[in-house]
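For reference, the structure is listed below as C-alpha cells.
Proteins get letters first, then strands, A, B, ... in listed order; numbering begins at 1 in each. These numbers were taken from a predicted model, which means no experiment stands behind them.
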There are 2 protein chains.
Amino acid sequence: MDRNALAIRIRDAGFRATKPRLLLLSHLYKSKSPQSIAEIAAALKTSVNQVTVYRIVDTFKKAGLVRELDLRQGRPRYELADLNHHHHVICVKCGRIEKFTGCESKRITQKALTQTKGFGQITSHSLEFFGLCNSCIKRGHHIPVS
Amino acid sequence: MDRNALAIRIRDAGFRATKPRLLLLSHLYKSKSPQSIAEIAAALKTSVNQVTVYRIVDTFKKAGLVRELDLRQGRPRYELADLNHHHHVICVKCGRIEKFTGCESKRITQKALTQTKGFGQITSHSLEFFGLCNSCIKRGHHIPVS
DNA sequence: CTACCTGCAAACGGTTTGCATTGCC
DNA sequence: GGCAATGCAAACCGTTTGCAGGTAG
C-alpha cells in the first residue's frame, strides 16, 4: 500500500496524515503477525517516539482501524482491523504465531445470545488457540492439555 | 465446599494449606463471576495481603487450579479451572458478565490444526464475546459491530 | 492561522522482588 | 525444626499525562 493510499485511509478515519501515523500504518501493513508496542516502536525508532506509538495505536483502535489482541504474552499485540476475519494459534513455548479462519462466529454468537438472558447484542469476540509448534514439539517440549 | 475439602485440594496440588490459600480458594468457589486481583484482595483484606494474593493466584494458575481471563477490562480476571467448560459474554458498557457453553472447541481446534502447518498440538483456547446487556441497550447505548 | 499532533520528562499504577518473620507439615 | 509461605516496603516497568513546541490542512 503506497503512501498516498495510507494518507487517504487516515484522513477518512478523521485524522491528519502525519508522518508518525503514516509510518505506523505502513508498518502494520507490512507485518505478517500482530505487533507489540515495543516492536512497533523499535521499527520506527529513528522517526517516532514510543509515547507517540502508544497514542496512535490508541487512536486507531478507537477509530476501528486497529484491533488489540491478548495472546497471553504479558502485553497486547495489534493488527489491522480490515484484514479478512481470522484468529491465531500461538506456541506457548516460543511465541510463534499463525492465522486460521473459520471460527463459525455466527453459530456460536447465536448460542451465546440464546443462553445469556441478560444480553441483547454481540458486537465482537476474541478467540485464540494456544499450543505447541512442531519445532518445539521436536525439541521435546510437552504441555498438558487443559 | 468446606474448609477440609479445600485443604485437600491445595495439598493435592502440592502446596501447604495455609490460611491465605484456603481463604482465596474459598472466595473463588463462592464467586459467580471471574474475579480481579483487586476484588480478591478486597474480599480478603483483613486477613491476606495483596502481594500474597498475587503470589497465590500465580501459583494456582501454574498448578492448573485457576484460569486467567482477558475480558478487555484492563486487568485480568481469574476463575476456578475445574468448572464445566464454558466461556463468557461481557457487556462493554457496564462490565456485566454471563457464562455460556457449547464452544465446539473440538471442531474448531481441528480446523486450526489443519490450517496451521507449523503446529502439532493445541492445548487450550480463549473465547469471549463482547456486546451490550439488555439494560445498557435500554439506556440507549449502541456500539457498532466490528 | 490554529487546532491537532508530537516529543520529552515526569507521574502513575499494577505487578514483582528482597528480605526478615511466621507457621505448615 | 526446617523449609515453604507471608507481610511489608521498595523497586520495576509498561503506560499515561502535562505541557511546550511543531505541523498539517
[X] has an atom [atom1]; how far is it from atom [atom2] of [N], in whole Å?
X	N	atom1	atom2	answer
Arg21(A)	dG7(C)	CZ	P	11 Å
Ile56(B)	dA4(D)	CD1	C1'	12 Å
Glu68(B)	dG14(C)	CD	C1'	13 Å
Leu24(B)	dG7(D)	CG	C1'	16 Å
Arg77(B)	dT15(C)	CZ	P	12 Å
Phe15(A)	dT23(D)	CZ	C1'	17 Å
Gln73(B)	dG13(C)	CD	P	19 Å
Lys45(A)	dG7(C)	NZ	P	13 Å

Polar side-chain atom of Gln110(A) near backbone of Arg107(A) as donor-acceptor pair, under 3.5 Å: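 Pair absent, no side-chain N/O of Gln110(A) close to backbone of Arg107(A).
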Main-chain N/O of Phe130(A) paired to Thr123(B) side chain as donor or acceptor, under 3.5 Å: yes
Minimum-distance nucleotide to Val48(A) side chain [options: dT6(D), dG7(C), dA24(D)]: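 Closest nucleotide to the Val48(A) side chain: dG7(C).
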Phosphate-side-chain proximity, Thr18(B) and dA5(D), N/O vs OP1/OP2 below 4.0 Å: no
Passing option when Ile40(A) is tested against Leu24(A), Leu23(A), Val48(A), Ile56(A) for side-chain contact (heavy atoms from CB on, under 4.5 Å): Leu24(A)
Among Arg3(B), Arg9(B), His27(B), the one residue meeting side-chain contact (heavy atoms from CB on, under 4.5 Å) with Leu22(B): Arg3(B)
Pair Tyr29(A), Asp82(A): side-chain N/O donor-acceptor within cut-off below 3.5 Å: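 Yes, because at least one side-chain N or O of Tyr29(A) sits under 3.5 Å from a partner of the opposite role on Asp82(A).
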Five-pair end axes of the helix from dC1(C)-dG25(D) to dC25(C)-dG1(D) and the angle they enclose, rounded to 10°: 40°
Side chain to side chain contact (heavy atoms under 4.5 Å, CB included) between Ser124(B) and Arg72(A), worked out: CA-CA 11 Å; Ser124(B) 68; Arg72(A) 298 186 186 169; 3.1 Å; yes
Ring center gap for His125(B) and His88(A) short of 6.0 angstrom: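 No, the ring centres sit 6.0 Å or more apart.
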Ring centres under 6.0 angstrom apart (Phe129(A), Phe100(A)):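 Ring centroids of Phe129(A) and Phe100(A) are less than 6.0 Å from each other.
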Sugar-phosphate only, base, or nothing, as touched by Thr59(A) at under 4.0 Å among non-hydrogen atoms: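 No contact.
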Touch class at under 4.0 angstrom, heavy-atom based, for Ser47(A) against every strand present: sugar-phosphate
Which protein N or O atoms sit under 3.5 Å from an N or O of nucleotides 21-23 of chain C?
from	atom 1	to	atom 2	distance (Å)
dG23(C)	N2	Arg16(B)	NH1	2.6

Derivation of the side-chain hydrogen bond (donor to acceptor under 3.5 Å, both in side chains) call for Gln115(A) and His86(B): CA-CA 11 Å; Gln115(A) 290 181 41; His86(B) 65 276; over 6 Å; no
Atom NZ of Lys111(A): over 12 foreign heavy atoms under 6.0 Å: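 Enclosed: over 12 neighbouring heavy atoms sit under 6.0 Å from NZ of Lys111(A).
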Under 4.0 Å protein heavy-atom contact, by nucleotide of nucleotides 13-18 of chain D - B base, S sugar-phosphate only: -SBBBB
Phe119(A) vs Ile137(B) side-chain heavy atoms within contact, under 4.5 Å: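 Counting from C-beta outward, Phe119(A) and Ile137(B) never come under 4.5 Å.
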Carboxylate-amine/guanidinium contact Arg96(A) Glu98(A), below 4.0 Å: yes
Asn49(A) vs Lys19(B), nearer the 5' end of DNA chain C by closest nucleotide: Asn49(A)
